[in-house]
Chemist: 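Supplied in structure tokens, the structure appears directly below.
Lettering of chains follows the sequences in order, A, B, ..., and the numbering in each one begins at 1. Bear in mind that the values here come from a model prediction, so they are computed numbers and not experimental data.
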Amino acid sequence: MLLIKCPYCQEDRPEIEFSYSGEAHIARPLNPDDLSDEEWAEYLFIRSNRRGLHHERWLHAHGCARFFNALRDTVSDKFELTYKMGEPKAQVKK
Amino acid sequence: MKYSALSLLTNAFSGHKKWPLQWPDATPKKSYDVIIVGGGGHGLGAAYYLARKHGITNVAVIEKGWLGGGNTGRNTTIIRSNYLYDESARIYDHAVDLWDGLSQEINYNVMFSKRGVLMLAHSVHDVQSFQRHIHANRLNGVDNNWLSAEEAKAFCPPLNISKDARYPILGAALQQRAGTARHDSVAWGYARAAAALGVDIIQNCAVTGIKRGANGAVEGVETERGFIGAKKIGVSAAGNSSVLMEMAGLRFPLESYPLQALVSEPVKPVMPCVVMSNSVHAYISQSDKGELVIGAGTDQYVSYSQRGALHIIEETLASICEIFPLFKRMRMLRSWGGVVDVTPDRSPILGKTPVPGLFVNCGWGTGGFKATPGAADLLAHTIAKDQPHPINAPYNLERFTGGRLIDEAAAAAVAH
Amino acid sequence: MLSELKIDQAVELAPILTGEVDLLPVQTRYSLRVKPKERCAFIEASNIDLPAQIGKMSVQYDRVVLCIGPDEYILICSLAEREPLARKFEELMGKYIFSATDISHRNVSFILSGEQTTNMINVGCPLDLSLENFPVGKCTRTIFESAEIILFRMGKTKFQLETWRSFAPFIVGYFEKYCLQNRGK
Amino acid sequence: MTLHRKPEYGRVNRGKPINFSFDGKIYSAFDGDSLASALLAHGVHLVGRSFKYHRPRGFVAAGPEEPNALVTFDRGPGRVTPNVRATTLEVFDGLVAHSQNNWPSLTFDMGAVNDLFYMLFPAGFYNKTFMWPKSFWDRVYEPAIRKMAGLGPAPIDEDADIYASQYMHCETLIVGAGPAGIAAALAASEKPGRVILVDEQYEFGGSLLSTPNMVINDIPAWQWLEDSLAILKARENVTLLTRTTVIGYYHENFLGAVERITDHEKDLSSHKPRERLYKIRAGEVVLATGAIERPLVFQSNDRPGVMLASAAHTYLNRYGVVVGEKIALFTCHDSAYEVIFDLADAGISIAGVIDVRDQVSETIIAAAKARNIEILTGTIVSGTSGKFRVSSLRASKIEDGKITSTWEIACDCLLMCGGWTPSIHLFSHSKGSLKWREDLGAYIPDNPNENVISVGACNGTFGLRKIMTEGAGGSTEYQVNAGAFGSGIIPATFPTEGDPAKVKAFVDFQNDVTEKDINLAVREGLKSIEHVKRYTTTGMATDQGKTSNLNALQIAAKAVYKPVQQVGLTTFRPPYTPTTFGALVGGKDGHSFHVIRKTPMDGWAEDHGAVFEPVALWRRARYFPRDGEDMLAAVNRECLTTRCSLGIFDASTLGKVEVIGPDAAEFMNRMYTNPWLKLKPGSCRYGLMLGEDGYIMDDGVIGRLAENHFHVTTTTGGAPRVFRMMEDYRQTEWPELDVWLTSTTEQWAVIALNGPNARKLIEPFVEGIDLSEEKFPHMAVREGRICGVETRLFRVSFSGELGFEINVPAHYGRALWETLFIAGQKYDITPYGTETMHVLRAEKGFIIVGQDTDGTVTPMDVGMSWAIGKKKKDFVGKRSLSRPDIMAEGRKQLVGLLTDDPNIVLEEGAQLIANPEQSIPMDMIGHVTSSYWSATLNRSIALAMVKNGHALTESNVYIPMPGKIYKAQVSKCVFYDPNGERLNVI
């Protein structure tokens, strides 16, 4: 069971309080009707599925009930950092 | 050397010292007609069918670890084809047709056991959904029958059909022709049969890049052991498919999740068939060695770690003991994790890609093993003919743009 | 024709739980959300003490306010306060950006006490309940097995646990098992 | 006193003699014995049969690494445990155990015939045969193979015991309470912070329990142990857990540990759990898991009486049991000499020491000489004899890797020592990297992946002084009397006499894997250690290869002429030792498995004989049969009564969400397909929600209570995911909206009243709401009071009749229901359940999301384009509705179906075809989604999804069922009261 630092609660909390919510920083297009079918499919379905550092969203469902972003290594499952919704996308150190 | 009781006997007299290599470890050639990336059952099978059915023998299978070390060797070996949609029924039933007779075809006993798969219904909604499957299967010529709770118990005596259970069993769908097979043997058997037809099997050789020419078409793969040329590349790499597609500059609708499974200590025969409960998330059979083989759920997050969590195991065993209270005193011997690649509609992608010469077979999620011979055959067909077989044509990448998804799980939506 | 309707909180406590688990009578409960930049003004206007930080609680008279999210509060008080509070919220609506939802009957509350309390909660709740990590006055929403709960510590060995009505018997079932198994411990 | 017990040795409690039974025979023992030590005390070495060849087997070890001595522990019905290691089973008075895998008896086992034909069963033999004739596989071979399966008996009765689990937290978790672990615990607990020390044995001490002659800081080992444990017990920050096995090491220092609570207790108390799972989150983990002695792989090394040297040491010093009268030792490592010297000092005759090495140290030679022990260097054991117990060994002199001479040595016990294997299982679970230590011939921990350190033997550190100092983390220097631990070589394989193909030198005892099986795998090209393991099954038995893995690895490496590191290492997988399902289930059994949510009125329904059905986590009343009615009769009556007069229905499970804030209407407008901005407060509207993929996700009636306040209802099963999706959009996509969501599903009990008398019933109870048709029309919502409590009263109908949904605070739900039910008697009120609700709505053609739709259905497909706000620029899912395949011809559309024979009720899920003249596989054009007998219409009705169905009205379709084909006509979806006149009954 992972231990996740909720950026709102500022505490390490057990994974079962959280709900994984998919890749992060995929904003819903402001004007979906302007998008081609391909662009819309890209928004809906295409995911980076990164092996390595992965931007992802979590919901502290049984906690503060907030969605937040995280950068996590999908090989070691270790979190690099977590940050609040609205904060800039975390840079991946090369 | 042909395997048979006779060859076993002959070799016994010579102290088993004369058995030849099942497949030689090949040294990569400069180039091949076709390279298959991924030495699991699907990839090795594709190489075999390329050689056997299409006469293309200048083929290499490139595996980063050892053959069958990915999901082929990590799954719970359930084989069935009682799917709802025509597309699914066709592709999985094609696989079951090939399973039946595979041992004889490749002269390697893969121990396909048609012991029957029972799928349990726990609610009125489940019953409706299963009936829909059964009726559709019947008209598609796919074996699937409804059993009452009592009939289900007669078929599988350890089932608890008490009406007071948390998830009472209202009945079950039985596919008698479904069952299990010995997972490692599938990989080894295909490897041996493919090698006998001239296919090169290259282990411990990770692909690090896919080279594309000026016209965009593939030219070969970069590997830990140097560049290997090929005009056609088939990628059959399960959990690592996204990583390989990215090497060719493609982004795919895939996510990879940890999936665990476990076995109990071996005991004398107690489970005559395979039992699945989708609402309780329990998947169980007993191996020929006596171990209960149990499939667990996926962890919730994307991961390549092949490491699952304890709470998933707890939940899985609670589910098993809910349906089989008899097994509560059994003991877990071993648990392990695999990486499953899942598409948005949980159906595979099997066919051509936007890159000329690059073919893909991925997205089987938790259901890849049962499809092994079918997927292998269809991948080989698609590569050989440069166009999909009618059975795998619907499993294209374009469906995500157009919206013609093949979503079996969506049929299980619960509301009211 | 008006009649007085009987209250039914969905839970009956087995005798074995006596002294370990108590059911509170019906409370007034509000789920309060306040736009963070209006928090101070709202406190002033409402005279409701909203803690400044997630995990903190305030106690005013017999009224407890838990901060369980960045802009989310649970207010728990006696039934007598219900009418005045409802009027107050109606009055403030439109003047401040907030939401107040009556959840008095959504939850059931238990008082858990005794030397074994933290172990009993840890049967289903994964949090570290040592005094250092979960001091008196801390509150949080968390989980007990598959049931969501709100937990706050009122003393070294005293907690209040809130859960949705239909989950209460499920949680009490675990407490009963625990108390039976640890009889005489 | 038994023959084989040494009076002055051991820790067993001689003041507490007990009796137990093995295979029906009664034996004596002492409190503190393991089943193994107790049997050995009686000279019983034969204890089981091996898996494949049914060879007689005895004890190899004295701890959890035991591969052979598996027994069935029998405490009566529901308490039979197969495959229990006799070496870890604590004996109590009255214990009953049986041997396994033999028939008819342990000494005469028919299965042993396999051993004669062993040449036919090499590794992987089943891959090569049983293929012809093909039909024999299903009917003959496979059933026969399956019959052979398994070691212990399968369970017959439901487990009579209970289990428990709980979370635990600490700053330092120390695994293993041997000298290193205790030293670590003493050091760690001096500082603040919680320390948990766990050990799988019933007593702390580890190897110290077998080495009483050690002296630590001038104190005898056992005294030091007692003193140290007293110190630890006295420290408030220390928790000591014996009989507790750490089974797995998971992410972020989360470890599972199982405590055995009652298996050793004579009297079973009804309330104590048998085992408890601790789920421990630790700040730091100290692994002090020790090392396991390795067997040597030589011909007939599996004969009872052949055991690890350290085991003999433990049996002597811990249990006071001597394992033989004339004991020989076969070793390649110095450490075993301490054992043989101790045995000699105990007065046991030593048959000799066979040491593979050409030389041993002067110190050892001198010590041996002093005890008159002969050491044969450069010698191996090339075989053993004896039926059920070793009676002699064959010693062979080796020169230049070949046997030059062989002679017999009589002995009744042969000890072996092939060096030591650090127990890195848990470190390996934690995904730390390993490195190869050539001198040990073993892997040890390298880079950790968690906050963990390994100390002592599991870290490759040997010698008591070093172990303890490392355990203490350097904070304490320990002085001990022990000499150096010594060293050894790793021979892996030995030359054989005669034909190597006939040699049975066992690597994995339990799975009967021999050296030549491994060689065969490699010869056939299965060279990776994972292939070797899977092909031969080495290391896959219930001991998980604790004694065999490294021998297998080294034999394989030798066979491919590669360094061991290139052959690899099989990954260790949880659990460390087999773990009871029950412990992992903990308390999550029966009705504690998953919650069964019950509505406030559930108790009333139960009291009134309702039949329930599960819907998501809820249980709902399905119908209310009166004396002797079946479902159809009950539902017919409920339907007719409701349509004619009045029905009462519990709708509390519907999800409810309070949407409040200045931007509430805008938020609703974006989430739902319908327009919301202009809906008047006090009005309701049917809301349709799509996923972003354009498919119907949920629906429900939504009331606007005020300008900035909506009362949203959702489906029962959809409530959690709808709430989550709304929060997702609110927080992630539209943080600029000032709006909040609160789940109020459980705040309100909901009573639906349907039927022409609905208004008449509630009128007398309602206060503050004008119920007249003009003031309170269909699709309106009002707040007021009913029976003195506040209510949100909706005028809505899912039946087509005049209907009200009364929301009251949940704890009043049952009381209000009872009041209305009593008052409703004059209208012949009927309670009805979900089944009647389904029929009533189907008669009106209302869909049920999840039944008539299945996650692949758009609003257009079900004829609900009217629910889409035409002028809306955007809402969730809108863009997906214009994708090509969504707009294409040939989609399935919702229609009504009327069977030609009105008495035929179609099966839900039945498939439709257009042309009855076809064979399998048929071209299916749709399926029945809902189908009922309508008592109101006195005929069957059905809804179906049919390809291009909207264009097929009045066409015929066919429904092929087994043995017959039904014919039906496509119709509109509304079967009853198409103009909706009944809603407005005055």
Chemist: Can you tell which part of B:F112 gets under 4.5 Å to a heavy atom of chain D, answering side chain, backbone, both or neither?
Modeler: backbone
Chemist: Working to the nearest 0.5 angstrom, can you tell me the gap between D:L584 CG and B:L310 CG?
Modeler: 6.5 Å
Chemist: For B:D184, is it the side chain, the backbone, both or neither that has a heavy atom under 4.5 Å from a heavy atom of chain D?
Modeler: side chain
Chemist: Identify which part of B:D126 has an atom lying under 4.5 Å from any heavy atom of chain D, answering side chain, backbone, both or neither.
Modeler: neither
Chemist: If only atom types and distance count, is the side chain of D:D138 paired as donor or acceptor with the main-chain N or O of B:S113 below 3.5 Å?
Modeler: no
Chemist: With sequence neighbours left out, write down each residue that passes ring-ring contact (aromatic ring centres under 6.0 Å, His included) with D:F254, or none if nothing qualifies.
Modeler: none
Chemist: Tell me, for B:L67 versus chain D, whether the close heavy atoms (under 4.5 Å) come from the side chain, the backbone, both or neither.
Modeler: both
Chemist: Quick one: do B:S185 and D:N127 satisfy side chain to side chain donor-acceptor pair (under 3.5 Å)? Show the steps, please.
Modeler: CA-CA 7 Å; B:S185 303; D:N127 287 143; 2.7 Å; yes
Chemist: Would you sort out whether B:H135 and D:E907 count as a side chain to side chain donor-acceptor pair (under 3.5 Å), showing the intermediate values?
Modeler: CA-CA 9 Å; B:H135 290 307; D:E907 274 190 40; 2.9 Å; yes
Chemist: Indicate yes or no for a side-chain donor-acceptor contact from B:R166 to the backbone of D:S592 under 3.5 Å, with no hydrogens or angles considered.
Modeler: no
Chemist: Chain D heavy atoms under 4.5 Å from B:T316: which part of the residue, side chain, backbone, both or neither?
Modeler: neither
Chemist: Any cation-pi pair here, D:K128 with B:W19, using under 6.0 Å and within 45°?
Modeler: yes
Chemist: Given that the side chain runs from C-beta out, which part of B:P269 has a heavy atom under 4.5 Å from chain D: side chain, backbone, both or neither?
Modeler: both
Chemist: At a 4.5 Å cut-off on heavy atoms, which part of B:A136 comes close to chain D: side chain, backbone, both, or neither?
Modeler: both
Chemist: Could you tell me whether the side chain of B:S103 and the main chain of D:M131 form a donor-acceptor pair under 3.5 Å?
Modeler: no
Chemist: Given the rule in the ring pair (Phe, Tyr, Trp, His ring centres under 6.0 Å) test, do D:H594 and B:Y167 qualify, once you have shown the distances and angles that lead to the verdict?
Modeler: CA-CA 9 Å; D:H594 287 158; B:Y167 290 95; 5.6 Å; yes
Chemist: From D:S430 OG over to B:R307 CZ, what is the distance, rounded to the nearest 0.5 angstrom?
Modeler: 6.5 Å
Chemist: Would B:K2 pass as a cation-pi partner of D:W132, given that its NZ or CZ must be under 6.0 Å from the six-membered ring centre and within 45 degrees of the axis?
Modeler: yes
Chemist: Can we say B:K17 and D:D499 salt-bridge, meaning some charged N sits less than 4.0 Å from an Asp/Glu carboxylate O?
Modeler: yes
Chemist: At a 4.5 Å cut-off on heavy atoms, which part of B:I294 comes close to chain D: side chain, backbone, both, or neither?
Modeler: side chain
Chemist: Take D:T81 and B:R329 through the test side chain to side chain donor-acceptor pair (under 3.5 Å) and record every step on the way to the result.
Modeler: CA-CA 7 Å; D:T81 317; B:R329 221 178 172 85; 3.0 Å; yes
Chemist: If we count only N and O atoms by modelled type, under 3.5 Å, do the side chains of D:T542 and B:E265 hold a donor and an acceptor together?
Modeler: no
Chemist: Tell me, for B:E322 versus chain D, whether the close heavy atoms (under 4.5 Å) come from the side chain, the backbone, both or neither.
Modeler: side chain
Chemist: Side chain, backbone, both or neither: which part of B:R182 has an atom under 4.5 Å from a heavy atom of chain D?
Modeler: side chain
Chemist: Please look at B:D100 and chain D and tell me whether the side chain, the backbone, both or neither of the residue comes under 4.5 angstrom of a heavy atom of that chain.
Modeler: both
